[in-house]
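Note that ligands are numbered from 1 as they come in the structure, with each ligand's atoms numbered from 1 the same way. Remember, predicted model here, so these are calculated numbers, not experimental data. In what follows, residues are counted from 1 in the order of the sequence shown.
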Amino acid sequence: MTNDTSRSRASSSNNDAAPSITSSVDLSTSSLELSIQTRIFKIIVIGDSNVGKTCLTFRFTGGSFPDKTEATIGVDFREKVVEIEGETIKVQVWDTAGQERFRKSMVEHYYRNVHAVVFVYDVTKMASFRNLQTWIEECNGHRVSASVPRVLVGNKCDLVDQIQVPSNMALKFADAHNMLLFETSAKDPRESQNVNSIFMSLACRLKAQKSLLYRDVEREDGRVRLTQETETKSNCPC
Ligand SMILES: Nc1nc2c(ncn2[C@@H]2O[C@H](COP(=O)(O)OP(=O)(O)OP(=O)(O)O)[C@@H](O)[C@H]2O)c(=O)[nH]1
Ligand SMILES: [Mg+2]
């Protein structure tokens with residue numbers, strides 16, 4: 001599919017249902033009922049170290065650009081509760097480590113039961129764009145279904161004089177890999193809405209694609225085990 005050249009570009013869409021998911025919550029929590037009703041979408045953010053994964057997730061969940069960041073070790077979780085078509089959904093963002101030494105013991109956890117993947121490169125660093133192929137191979141190697149939506153994000157667009165990755169090159173890559181492309185900046189507050197769109201477009205697609213149903217609620221040693229099941233559904237306006 002050919003795309004226009006606006007900052008947020010749709011190159012293609014994914015479909016199909018995701019695998020079943022099992023999670024546990026503490027019985028003692030009075031919010032059990034809420035837990036059962038609130039769907040959680042797990043979105044992982046992947047890419048080279050220093051491309052701005054932490055800043056992008058911070059911008060989405062906290063609405064600001066952090067003064068200072070350090071290399072992520074393992075993973076940082078950030079959550080945002082959003083409402084889509086009257087339904088409250090928890091978007092759980094996994095901000096992963098780009099440095100090999102800080103991620104190797106965690107990689108299995110990143111990909112387990114993931115609902116969507118955000119691949120990030122730095123538009124001022126060609127190497128971070130070239131390395132996307134490796135990140136995609138890692139993702140595929142962890143049995144992430146082709147039906148799990150993926151988007152591509154070129155970050156640091158505010159550094160206009162230093163851009164190394166041309167938009168048309170990124171667009172071609174996104175098309176070839178069946179991904180949406182966003183070119184944006186976690187730093188520039190005017191791009192805040194665009195950063196939101198990265199995650200909201202995924203949440204809308206997930207909501208449209210499937211309805212996670214809690215099938216079984218069984219007590220296990222004071223805990224409740226919830227099993228979610230998926231079914232195809234398509235009524236999201238996004
Ligand atoms: N100019 C500019 N700088 C940015 C932007 N996003 C992040 N940075 C800077 O890039 C550096 C790295 O940002 P991080 O978000 O920590 O990078 P990361 O991808 O999380 O790195 P790892 O945790 O090591 O994988 C920091 O100095 C940020 O201030 C952006 O949009 N524009
Ligand atoms: Mg980080």
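- Applying the 4.0 Å criterion to heavy atoms of T72 picks out, from ligand 1, the atoms 22 (P), 23 (O), 24 (O).
- Every atom of ligand 1 with a heavy atom of A71 under 4.0 Å away is listed here by number and element: 23 (O), 24 (O).
- At least one N or O atom of G52 sits closer than 3.5 Å to an N or O atom of ligand 1.
- Neither the backbone nor the side chain of F58 has a heavy atom within less than 4.0 Å of ligand 1.
- Shown are K42, H142, E138; of these, the side chain to side chain donor-acceptor pair (under 3.5 Å) with Y111 is made only by E138.
- Taking a 6.0 Å sphere around CD of E70, one finds it holds 12 or fewer heavy atoms contributed by other residues, nucleotides or ligands.
- Taking each of D48, D188, N155 in turn, the one with a heavy atom nearest to atom 6 (N) of ligand 1 proves to be N155.
- Each of the following atoms of ligand 1 lies closer than 4.0 Å to a heavy atom of L159: 1 (N).
- A cation-pi geometry, defined here as NZ or CZ lying under 6.0 Å from the six-membered ring centre and within 45° of its normal, does not hold between K80 and F199.
- In the candidate list I73, T69, V45, T69 is nearest to atom 26 (C) of ligand 1, counting heavy atoms.
- Contacts between D158 and ligand 1 below 4.0 angstrom, taking non-hydrogen atoms only, involve the side chain exclusively.
- When all heavy atoms are compared, the tightest approach of I84 to M200 is CG1-CE, 4.1 Å.
- Proximity to K53 (heavy-atom distance under 4.0 Å) selects the following atoms of ligand 1: 15 (O), 17 (O), 18 (P), 19 (O), 20 (O), 21 (O), 22 (P), 25 (O).
- Looking at V144, L180, N178, V118 one by one, the single match for side-chain contact (heavy atoms from CB on, under 4.5 Å) with R150 turns out to be V144.
- Angle OG1(T72) to the Mg ion (ligand 2) to OG1(T54): 90° [nearest 10 degrees].
- Among the atoms of S49, no N, O or S atom falls under 2.8 Å of the Mg ion (ligand 2).
- When K68, Q162, R103, K156 are checked for heavy-atom proximity to atom 30 (C) of ligand 1, K156 turns out nearest.
- For ligand 1 and S185, the ligand atoms under 4.0 Å from any heavy atom of the residue are 31 (O).
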